[in-house]
Amino acid sequence: MRKKVWAASLLALSLSFTSACGLLDKLENKRQQNMPNIETATGAVPESVSKYVAPLTGLPVESENKDRVVMVMVNNHSKARPQSGLDQADMVYEMLEEGLITRFMAFYQSKSPKVVGPVRSIRPYNIEIGQGFDAIMSHAGGSVAALSMLRSGDYADMDEIYTYPKAYWRDKSRKAPHNLYTNIEKLRKGAEEKGYNLGGDIPVFLFKKEDESVEGEPGTKISIRYSKRNTAGYEYDPATKQYKRFTAGKPHLDKETGKQLLATNVLVIAAHHRVLDGEGRLEIDTEGPGEGYLFQRGKAIKITWERKDGAIRAYQNGVEVPLYPGTTWVNVVPTTPSFSEHMTFE
């Protein structure tokens, strides 16, 4: 009798193990199917595809990286150009500030450039987006509302003026306030000294496979008019499958390398802007929904946008539109007098 029970137990255990192995095989197959077929920024296919990808770009990395995202407020005044480190950001948001000039929010997770800047101040809508990425926030001061928001909330704040000046330095070749710089390693070290969590809640994005096609209108040249004082643009390069960035009608270059900035995905969205006071301080809707266009592979896709799960995302018929593996630039323009007044493409 004991032998029969023992045999039955062995049989049950064997069936259970076989079933579990089958389930694991199915899960692994699904993971492999969903992994992007990655090319490098130059278009070359790597010899071996890593099983790890950077969460904000979908590009292959050598090992799993759970480092907290770092957001740096980067100056875009004409005297601050060319900037440093935007070429190594995983994602970049461009938004208006008072004075009708724009400022960048550069998000770093997969790379740690040694020079980033010039660094400038922060506004409440920058904080809202930065908090969505659970980011360590680097800036130099801010509006009264922004500083009050940071002091009253649970933020990883790396303010050069009030919190951690050791992470910053001044470049004597430029005049203040357009000469303040930092680097990602210094900011992470400072965050550790301040007792901030170094492993954050990173947003999850959907990515296409490299060989997937995209349907849409022709979208090889994009013109963005934030104001009379600030314009931006992108031109698609089919050789690299990326968009070349322009500012004020000229190639937007990185100061350290001299190379033109590139973007794999360009998202242009219209958001409600409201002037708050005589200084021109703004309130900008970061939640949505609103209208916009996603530009990929020389095509323009009409979308609606909404900030969900931390980040501004593109949707069609309620379904999120995946990004291609690579860098993404998000350009936020006003809704008035109309979206077409601020963005055209061909």
* Would Trp329 and Phe295 satisfy ring pair (Phe, Tyr, Trp, His ring centres under 6.0 Å), going step by step from the backbone distance to the final call? -> CA-CA 10 Å; Trp329 282 61; Phe295 296 89; over 10 Å; no

* Run the salt bridge (charged side-chain N to carboxylate O under 4.0 Å, His left out) check on Glu235 and Lys244 step by step: do they pass? -> CA-CA 5 Å; Glu235 290 185 7; Lys244 296 179 178 180; over 6 Å; no

* Take Tyr234 and Leu261 through the test side-chain contact (heavy atoms from CB on, under 4.5 Å) and record every step on the way to the result. => CA-CA 10 Å; Tyr234 301 87; Leu261 302 179; over 6 Å; no

* Leu262/Asp87 under side-chain contact (heavy atoms from CB on, under 4.5 Å): CA gap, chis, key distance, verdict -> CA-CA 7 Å; Leu262 302 172; Asp87 63 326; over 6 Å; no

* May I have the step-by-step check of side chain to side chain donor-acceptor pair (under 3.5 Å) for Arg103 and Tyr93, ending in yes or no? => CA-CA 8 Å; Arg103 202 158 286 173; Tyr93 282 58; over 6 Å; no

* Taking it one step at a time, do Lys194 and Glu192 satisfy side-chain contact (heavy atoms from CB on, under 4.5 Å)? -> CA-CA 5 Å; Lys194 296 290 293 181; Glu192 183 177 18; over 6 Å; no

* Asked: Please walk me through it: do Arg225 and Ser227 pass side chain to side chain donor-acceptor pair (under 3.5 Å)?
  -> CA-CA 5 Å; Arg225 182 179 180 273; Ser227 67; over 6 Å; no

* Given side-chain contact (heavy atoms from CB on, under 4.5 Å), test Tyr125 with Met95 step by step and report yes or no. => CA-CA 9 Å; Tyr125 43 88; Met95 303 179 75; 3.7 Å; yes

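To the nearest 0.5 Å, the span separating NE2 on His272 from CG on Leu282 amounts to 10.5 Å. Atom-to-atom distance recorded for Leu147:CG and Ile122:CD1 is 8.5 Å, nearest 0.5 angstrom. We find the CD1-CE distance between Ile222 and Met343 to be 7.5 Å, quoted to the nearest 0.5 Å. Remark: Gln88 CD to Ser110 OG distance equals 9.0 Å, nearest 0.5 Å. For the atom pair Asp237 CG and Gln242 CD, the distance stands at 8.0 Å (nearest 0.5 Å). We find the CG-OG distance between Asp67 and Ser112 to be 7.0 Å, quoted to the nearest 0.5 Å.
Contact annotation: the side chain of Phe205 approaches that of Arg313 to within less than 4.5 Å [non-hydrogen atoms, C-beta and beyond]. With contacts defined as side-chain heavy-atom distances shorter than 4.5 Å, the pair Tyr315/Glu306 qualifies. A heavy-atom distance below 4.5 Å is found between the side chains of Tyr293 and Glu217. Side-chain contact check for Ser121 versus Met73: every heavy-atom pair is 4.5 Å or farther apart. No side-chain heavy atom of Tyr164 sits less than 4.5 Å from a side-chain heavy atom of Thr182. Looking at Trp169 and Lys186, their side chains come closer than 4.5 Å, going by heavy atoms from C-beta outward. The closest side-chain heavy-atom distance from Tyr108 to Val69 is not below 4.5 Å. Between His178 and Gln83 there is no side-chain heavy-atom pair separated by less than 4.5 Å.
Paired with Val74 under the rule side chain to side chain contact (heavy atoms under 4.5 Å, CB included), one option of Val116, Val119, Val92 passes, and it is Val116.
Within 6.0 Å of atom NZ in Lys189, 12 or fewer heavy atoms from other residues, nucleotides or ligands are found, so the atom counts as exposed in its surroundings. Other residues, nucleotides and ligands contribute only 12 or fewer heavy atoms inside 6.0 Å of the CD atom of Glu185. More than 12 heavy-atom neighbours from other residues, nucleotides or ligands sit within 6.0 angstrom of CG on Asp277. Within 6.0 Å of atom NZ in Lys302, more than 12 heavy atoms from other residues, nucleotides or ligands are found, so the atom counts as buried in its surroundings. For Glu193, the CD atom counts as densely surrounded, since its 6.0 Å shell holds more than 12 non-hydrogen atoms of other residues, nucleotides or ligands.
A donor-acceptor contact closer than 3.5 angstrom links the side chains of Lys208 and Gln296. Between the side chains of Tyr196 and Arg188, no donor N or O sits under 3.5 Å from an acceptor N or O. No side-chain N or O of Asn126 forms a donor-acceptor pair with one of His139 less than 3.5 Å apart. A donor-acceptor pair shorter than 3.5 Å can be found between the side chains of Thr102 and Asn230.
In this structure, Arg151 forms a cation-pi arrangement with Tyr162, its terminal cationic atom sitting closer than 6.0 Å to the ring centre and no more than 45° off the ring axis. Both tests pass for Arg297 against the ring of Tyr324: distance under 6.0 Å to the centre and angle within 45° of the axis.
Residues Ala191 and Leu198 come closest through the heavy atom pair CB-CD2, 4.0 Å. The minimum heavy-atom distance between Ile284 and Ala271, with the atom names listed, is CG2-CB, 4.3 Å. Across every non-hydrogen atom of Tyr226 and Val333, the tightest pair is CE2-CG1, 3.8 Å. Taking both residues in full, the closest heavy atoms of Gly280 and Val275 are given as CA-CG1, 4.0 Å, listed atom of the first, atom of the second, then distance. Contact record, Ile301 with Glu215: CG1-O, 3.6 Å, taken as the closest heavy-atom pair. In terms of heavy atoms, Tyr168 sits closest to Leu180 at CB-CD1, 3.7 Å.
Using a cutoff of 4.0 Å between basic side-chain nitrogens and carboxylate oxygens, Arg281 and Glu97 are not scored as salt-bridged. Using a 4.0 Å cut-off between charged nitrogen and carboxylate oxygen, Glu62 and Lys51 do not count as a salt-bridge pair. By the 4.0 Å N-to-carboxylate-O rule, Glu320 lies too far from Lys308 to be salt-bridged with it. Using a 4.0 Å cut-off between charged nitrogen and carboxylate oxygen, Glu346 and Lys221 do not count as a salt-bridge pair. A salt bridge links Asp134 to Arg68: at least one charged side-chain nitrogen sits closer than 4.0 Å to a carboxylate oxygen. Between Glu94 and Arg245, at least one side-chain nitrogen of the basic residue sits less than 4.0 Å from a carboxylate oxygen of the acidic one, meeting the salt-bridge criterion.
Under the 3.5 Å distance criterion, the side-chain polar atoms of Ser148 are left unmatched by any main-chain donor or acceptor of Ala145. With hydrogens and angles disregarded, a donor-acceptor distance shorter than 3.5 Å links the side chain of Asp159 to the backbone of Gly141. A distance-only check finds a donor-acceptor pair linking the side chain of Glu212 to the backbone of Lys209 [under 3.5 Å]. Side chain of Asn331 to main chain of Val268: no donor-acceptor pair is present (N/O by atom type, distance under 3.5 Å, no hydrogens or angles). No donor-acceptor pair under 3.5 Å is formed between the side chain of Asp254 and the backbone N or O of Gln260. The main-chain N or O of Thr336 is found under 3.5 Å from a side-chain atom of His342 such that the two form a donor-acceptor pair. Checking side-chain atoms of Arg81 against main-chain N and O of Asn76 turns up a donor-acceptor pair under 3.5 Å. Side-chain N or O atoms of Asp285 include one that pairs as donor or acceptor with a backbone N or O of Glu287 at under 3.5 Å. Within the 3.5 Å criterion, the main-chain N or O of Lys111 finds no donor-acceptor partner in the side chain of Asp90.
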